[in-house]
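The analysis underlying the following values was restricted to heavy atoms, covering all of them including side chains, and did not include hydrogens, waters or symmetry mates. Each chain gets a letter, A, B and so on, in the order its sequence line appears, and its residues count up from 1. None of these values were measured; they are calculated from a predicted model.
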Amino acid sequence: MKRWLLTAVVALSPALAQFDWLSNLDWGGISNNLQRVGAVMSCNPQSLSQLDFSQPSLVFRGVYKVTKCTLCLTLKMCGFPDDMLYPASWNEVLQGFNRGDIMIVGSGAGVEAILDYLILIAKGGTCQNISYGGVPIYTCPPGGMRISKAYVVTDTTTARRLKEKLKSLNDPNLFKVVGVGGERDSPELARVLLGLPLVWSGGKPYLFAPGYSTPDKWLWLTFDGPVSSKVALVVNIATRYVADAARREEETR
Amino acid sequence: MRAMRALFALPLLGLALAEQNPGPQYQDWTKYLLSQPDYRLEQVLKGKWPYLEVLRKDRLRDYQKGPCDPQKDPNQCKDRLPWAEAQAHEFRLPMSSLEATREVAKDLRKAWQRFEERYYWRVITALNNPAFYLAYCTFGLKGPDLDPPLPEVKLNIPSESLDTAMLDKLTPFDPGKMASAGLHSLDRYLPIPQIPREDFCDGLGMEILPIMYIPGFKVLIQGTEVFRTPGYPSKPLWFNWDAADARVKAAMEHAWQKYYPEYLREVAEILLKPRPSDPGSFLSNLGITDFANLGAPKVYLPIPWRGHLLNGGAVVAPVYTEMVPRDPQALWRSLEGMWNTYKGLIDRTGSEVEKVYYYVHFYRSARTLYNSRAFYGIPGLADTLKQGLVRLIESPLRTLTQGIPVLKGCTGSLDQVADCAASALMLVDGAVKLKGEVDKLTGGKPQDEPVKAGRESPGLWKYEEAKRWLPPASLPVYEAFGYTSFFQAMNILEATNIPDMRNIDLSQINASNWVGWAWSQLSRLIVYWHVPITIDIRIEYCPPCVLAYPSPPLEGPAQPLGVPPYTLPFVAERTHWRWVSVPEGYEIPGVKGTPYKVLGDLGGIAPDLSALYRPLLGR
């Protein structure tokens, strides 16, 4: 009992320290509370029920906006920036491909379309159709880019299809594809587990929300400077583990 | 070797079917087969452990072509595996107990929770130095230890192993989630660490300088506010963003360079070390003398099928719930559960004629079960089973047979009906294959595809594939029904934040769901706590004089200031686990390469498992 009490006091002490602040918040009165609800409604919480989970990077953005707004209105925590993700231009992503390793994490048609695009770039950039989920889209990517090395981490179905496509390249080691979850197709695994679609290009992380178009017309998002450098730190370490995973391909054969 | 003989008796039929249906055929993409269980319960009494045999089909095929010496006959050896590899096509995997694998899953979860806590508390303590350093590192303020509950056993039916023909019939297909989905989180997000201070205070010292902020303030004169700094109380007057940035960065770097590899190492040790560490002496200490006291010994004997690392395969362990079931009622209930699962599936995927076979098949399997030698001497078990089974099967089966002409002659005892129905169904199967007069046999009930199909795999494929939905069970049940459940662990790369914002169950959104989720996210924001102050200027009778004083801290409470990256990013591999069932003679999902061969990156962590298990398996 004594121990439990001690734990409770310890656990509550940071909360108790906020007592004055909490008591300054307006808790009383029906009309006041209604106003508060009205205020929260201005944060557009309904948007949470309309999130498109096939585009996780936009989910991230939507959730952040509502959370930030609610925090400021109800708990008077207003010290967060307006946005964590900002639109990035395709040119920026593309220029990044010229500098250092590329890593693409994600699953499905979006990742496949990016890779199609990259293959065209690596081959010399002629105008061609690339497929986006079976829909052919005409595109003319810039030619003459030098890609040093690209890692693609994706679900096994996409991985298998990508490996087939990569056979058309002269340099078989330019792209390394890492499939997640055994040797066979497991789309459900990718959907549940792979997370945010991410492109690591020129030492900077980008999230993308693909639509039915080519990568140069997608919505690309990146973090602000200080956030970006921290995410970059983590992704940079991840590339090392992915490089190891790509090497394992030979080992397991 | 029932499974294997059947496997290679039908290559021609396989070809015939391949011509009918273009697209990838089951036999083309299968590779890792569960070949033969050898539970040898009698052998357990003699100190040997039950095991499974699995095989690599590609190697077996080359093995069956006979030896080949590339120096003598380079042409014949073209496209063939080296002979030594072809010879090593069969592997024995010892059984583990389901309870033990649940404990392993619990430890995996705990290892994750430890990493999650270390990552966050390192960053937040380093950032809020010296206040948090004093509280957590010097005084060691700490919540209860991490102690996750035993994770639930959830069966996953990976579409990767399922016959595509079955998959087509099951749209929409619900594979069930991996058992670990959504479990990479804490049980409680407390505002204090749940790990000892050594775990995140290492190499951290008290830093009083640099000055992190100049507090925001408001000035009151005689109780009336006359001035406040911009953004008061949320924002300080000045904040040392550069120092905060550097602190967070250094802490994150430390977490990723020290704590993350330690997490990977911890996971590898949890997965690859057998429990108990010396399985040989464990077995002799069990003191098993007869079937009745076999019980459910808690033992974990992992097999790295190359290993759990990303793109590496998996660590697997076939599991039993108990060696021999002891409680007749519990066994009957589980059998009923299997029946319902099985029936639901066949109702969705089978034709009218095939449904008859479902009854026959289930009856025959269950009959094998109650005739099992393992039940001798356990009172009531076989009888309970037999009575329940007859009650379940007899009248629906008899009714069904009367509706189909070819089965009308099937009368007599239940055994006779089952046998007669089985051979009649084979007749239908033959007629379908030879494009004979199927309608006459079935009385117009459509039967477009062969019941047996031209597959290399044993049994009637729909009934076999349906076994992927059957839960972990005891050894006699596995033996009678011809399947086994596996525990599998593998790493998956994920790009998300911590705590994982995807950890919300969207299937049932309700208030408590959202509140729990919101609290987990909010309580793990990266914030600097600053204290805004109130400067109260009063003219008091002291004798008359002016007093200006900042309020005590509680009066102007601490305020959080978000510091980039606000929430902790996570892009890396982490370990997931699941339980899957595999029918005898069919594909094992999620594995790669060869069992017992451990990935180079995992070298030195596990003992030589094949040597360790050899005395247990008896060879």
Side-chain angles (χ1 to χ4, degrees), chain A residues 7 10-11 14-15 17-21 49 53 56 60 63 67 71-72 76-81 84 105-106 153 156 178-189 192-198 223-224 226-227 229-231 233-235 237-238 241-242 244-246 248-249 251-253, chain B residues 29 31 141 143-144 158-161 175 177-178 181 190-192 234-235 245 248-249 252-253 256 260 306 309-314 490 492-496 501-502 506 518 521-522 527 554-555 557-562 564-566 569-573 576 589-593 599-601:
Chain A
T7 313
V10 164
Q18 305 301 312
F19 187 73
D20 180 74
W21 162 54
S49 60
F53 281 85
F60 200 69
V63 170
T67 312
L71 271 182
C72 185
K76 303 269 163 59
M77 290 187 188
C78 304
F80 291 93
M84 264 176 79
V105 182
V153 187
T156 34
V178 175
V180 167
E183 280 190 20
R184 311 263 171 264
D185 295 2
S186 45
E188 74 275 4
L189 226 160
V192 179
L193 301 168
L194 220 48
L196 301 162
L198 184 102
F223 307 95
D224 74 355
V227 179
S229 66
K230 312 292 187 318
V231 179
L233 181 144
V234 177
V235 183
I237 291 171
Y241 286 94
V242 169
D244 283 348
R248 253 165 237 149
E249 193 76 31
E251 210 185 321
T252 46
R253 200 165 286 151
Chain B
W29 60 260
K31 187 167 170 191
L141 201 64
S159 61
E160 55 181 308
S161 60
K177 279 188 188 152
M178 273 200 139
L190 299 182
I192 38 170
S234 292
K235 285 179 182 160
D245 200 62
V248 170
K249 199 162 190 173
M252 285 177 67
E253 234 158 31
W256 282 96
Y260 181 65
R306 296 306 294 186
L309 297 179
L310 186 64
N311 210 17
M490 59 188 70
I492 289 173
L493 188 114
E494 290 175 79
T496 181
M501 68 164 188
R502 295 169 304 155
L506 288 167
Q521 292 295 320
L522 290 179
V527 290
L554 271 181
E555 203 171 314
Q559 284 278 318
L561 181 69
Y566 311 110
F570 178 82
V571 183
E573 52 189 291
H576 285 264
V591 296
K592 255 184 177 182
L599 289 165
D601 294 310

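Expressed to the nearest 0.5 Å, how far CG of B/D601 lies from CZ of A/R248 amounts to 4.5 Å.
Between A/T67 and B/Q521, every side-chain heavy-atom pair lies at or beyond the 4.5 Å cut-off. In this structure, the side chains of B/E253 and A/I237 stay at 4.5 Å or more apart for every pair of heavy atoms. Looking only at side-chain heavy atoms (C-beta outward), A/V178 and B/L493 stay at 4.5 Å or farther from each other. The closest side-chain heavy-atom distance from B/V571 to A/L196 is not below 4.5 Å.
The most heavy-atom pairs under 4.5 Å with chain A, out of B/A314, B/G600, B/A518, come from B/G600. Of the residues considered (A/V63, A/V227, A/V242), A/V227 shows the highest number of contacts with chain B, using heavy-atom pairs under 4.5 Å. For chain A, the option among B/D245, B/L561, B/V248, B/V527 with the highest count of heavy-atom pairs below 4.5 Å is B/D245.
Contacts of A/D244 classified as salt bridge (charged side-chain N to carboxylate O under 4.0 Å, His left out), with partners at least two apart in sequence or in another chain: A/R247. B/F570 is linked by a ring-ring contact (aromatic ring centres under 6.0 Å, His included) to B/W112, B/W256, counting only residues two or more places apart in sequence or in another chain.
Of all non-hydrogen atoms in A/G179 and B/N311, the two that sit nearest each other are O-OD1, 3.5 Å. When every heavy atom of B/K249 is checked against every heavy atom of A/K230, the shortest pair comes out as N-CE, 4.0 Å.
For B/K235, the part lying near chain A is the side chain, with the backbone staying farther off; criterion is any non-hydrogen pair under 4.5 Å. Both the backbone and the side chain of B/M252 come within contact range of chain A, with heavy atoms under 4.5 Å apart.
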